[in-house]
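See structure below.
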Amino acid sequence: MSEGKNIQWYPGHMTSARRMMEENVKLIDIVIEILDARIPYSSRNPDIDKLAKNKFRLIILNKKDMADMAVTDKWISFYEEKGIKCISLDARNKKAVKKVLDVVNEVCRDKIERDRKRGMVDRPIKAMIVGIPNSGKSTFINTFAGKTYAKTGNKPGVTRGKQWIRSGKGMMLLDTPGILWPKFEDQRVGRLLAITGAVNDDILEMSEISVNLIKYMQKYYCNNLTERYKITEDMSAEDALMAVADIRKCIKKGGEADLGRAARIVIDDMRSLKLGRVTLERPDDIKE
């Protein structure tokens, strides 16, 4: 995706959230990281690797119903090659979420065996649930626990404090606020977080974000754009946005195209699956 305005969004409560997580990680057995399956690399907070050092790990690619499944499979392989167990699911699906306990027991097998040898049978596994804003972390917790414990919302920054949740399934979950990081060194990451809604829309230049989305979809999902907006592969992304403004009658007073409104339509259509199941990055995009 092209260069443009730098995206930064780090509300004050995230600083205290990070400190709280650092203080509590010694209490837990496994770190379960909830990622957005549409951006399985850019929705990772790089601080988590340091935070979760020497802990059992599980990555959950959430929102699998919104992502390109063929690409999701590649990401699962990507993380498992790094020694981190990785699965995909839709956190709203109760049957899928229930299977997480089996995966956690598999990942924590050594810990469970050590407890058994010490005579500590049925000791609950303590899991810290982490994830960036709007990754579906709270939805996962509520579905897994079978009760509404964590606030959910389609805007970032809903969860503000920590809470321990006893799931009744042999696990205790430590819910934590979604945290980003103070500076996005790679602006590609910032743009992808913006497209998927992990960054507050109010601080964004939506036309620029939409143009970047169109460019990427022209490369990988052009048929989706053509079907919805009559956009073709040979159009520039800027002309494509003009075409959206025309087809959706986004006109300001005086007859000028309202590109901001058109941009919002494209972003909203992507987020609501009206542009189909889309994954916005691939393992080949990543340069370690």
Side-chain angles (χ1 to χ4, degrees), residues 1-9 33-49 57-82 84-91 130-137 156 178-181 183-199 201 204-206 208-225 231 233 237 240 263 266-288:
M1 294 193 173
S2 65
E3 295 299 320
K5 179 184 176 183
N6 283 1
I7 296 168
Q8 302 296 337
W9 188 65
E33 189 174 3
I34 311 294
L35 305 184
D36 186 330
R38 297 169 298 176
I39 49 171
Y41 189 84
S42 293
S43 58
R44 290 200 75 206
N45 186 330
D47 291 342
I48 300 302
D49 283 335
R57 304 285 301 278
L58 171 62
I59 284 178
I60 293 176
L61 302 182
N62 185 33
K63 305 185 182 183
K64 66 175 287 185
D65 57 306
M66 303 180 76
D68 182 333
M69 196 61 219
V71 184
T72 298
D73 288 341
K74 292 180 180 179
W75 279 110
I76 290 173
S77 298
F78 175 86
Y79 283 118
E80 298 210 331
E81 286 171 5
K82 294 180 177 297
I84 303 175
K85 181 67 178 177
C86 182
I87 61 173
S88 64
L89 54 75
D90 172 2
V130 301
I132 67 168
N134 208 33
S135 61
K137 180 173 55 67
I179 57 171
L180 292 172
W181 42 107
K183 183 180 180 182
F184 304 137
E185 299 294 344
D186 181 351
Q187 279 301 304
R188 183 190 70 84
V189 171
R191 286 185 288 275
L192 292 177
L193 292 171
I195 289 171
T196 54
V199 177
D201 286 347
L204 301 175
E205 176 52 60
M206 297 305 291
E208 180 184 316
I209 299 300
S210 181
V211 163
N212 277 282
L213 173 60
I214 289 170
K215 285 181 180 178
Y216 187 86
M217 291 196 64
Q218 282 178 307
K219 183 175 181 179
Y220 292 105
Y221 304 102
C222 196
N223 289 341
N224 303 40
L225 292 176
I231 291 173
E233 192 174 354
V266 175
I267 297 294
D268 286 347
D269 281 356
M270 190 283 299
R271 293 176 181 173
S272 61
L273 287 177
K274 291 175 183 176
L275 290 177
R277 294 171 61 148
V278 172
T279 299
L280 297 172
E281 59 185 354
R282 285 153 166 74
D284 291 344
D285 297 337
I286 306 306
K287 295 179 181 179
E288 294 294 343

Nearest 0.5 Å, what's the [atom1]-[atom2] distance between [X] and [Y]?
X: Leu35; Y: Tyr79; atom1: CG; atom2: OH; value: 5.5 Å
X: Ile267; Y: Leu213; atom1: CD1; atom2: CG; value: 5.0 Å
X: Lys82; Y: Ile59; atom1: NZ; atom2: CD1; value: 10.0 Å
X: Ile286; Y: Glu281; atom1: CD1; atom2: CD; value: 5.0 Å
X: Thr196; Y: Ile132; atom1: OG1; atom2: CD1; value: 6.0 Å

State, to 0.1 Å, how close [X] and [Y] come at their nearest heavy-atom pair, and which atoms those are.
X: Leu273; Y: Met66; result: CD2-CA, 3.6 Å
X: Ala198; Y: Pro133; result: CB-O, 3.5 Å
X: Ala67; Y: Thr279; result: CB-OG1, 3.5 Å
X: Ala240; Y: Ile214; result: CB-CG2, 3.8 Å

[X] side chain near [Y] side chain, heavy-atom distance below 4.5 Å:
X: Val130; Y: Asn45; value: no
X: Arg188; Y: Leu280; value: no
X: Cys86; Y: Leu61; value: yes
X: Ile231; Y: Met217; value: no
X: Ile39; Y: Val189; value: no
X: Met69; Y: Arg277; value: yes
X: Ser135; Y: Asn62; value: no

Please answer whether the main-chain N or O of [Y] pairs with a side-chain N or O of [X] as donor and acceptor at a distance below 3.5 Å.
X: Trp75; Y: Ser88; answer: no
X: Asn224; Y: Leu275; answer: yes
X: Asp90; Y: Asp65; answer: no
X: Ser210; Y: Met206; answer: no

With Glu233 via salt bridge (charged side-chain N to carboxylate O under 4.0 Å, His left out) - residues at least two apart =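 In terms of salt bridge (charged side-chain N to carboxylate O under 4.0 Å, His left out), with neighbours along the sequence ignored, Glu233 is linked to no residue.
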inquiry  = Checking Arg57 now: which residues fulfil salt bridge (charged side-chain N to carboxylate O under 4.0 Å, His left out) with it, not counting sequence neighbours?
reply    =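 Once residues adjacent in sequence are excluded, the partners of Arg57 under the salt bridge (charged side-chain N to carboxylate O under 4.0 Å, His left out) criterion are Glu33, Asp49.
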inquiry  = Quick one, Asp68 with Arg282, criterion side chain to side chain contact (heavy atoms under 4.5 Å, CB included). Give me CA distance, side-chain angles, the key distance, then yes/no.
reply    = CA-CA 10 Å; Asp68 182 333; Arg282 285 153 166 74; 4.0 Å; yes
ask   = For the residue pair Phe78 and Tyr41, does the interplanar ring angle fall in the parallel (under 30°), tilted (30 to 60°) or perpendicular (over 60°) class?
value =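 Phe78 and Tyr41: perpendicular rings.
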query = Any Lys/Arg nitrogen of Asp36 or Arg38 sitting under 4.0 Å from an Asp/Glu carboxylate oxygen of the other?
reply =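 Looking at Asp36 and Arg38, the cut-off is met.
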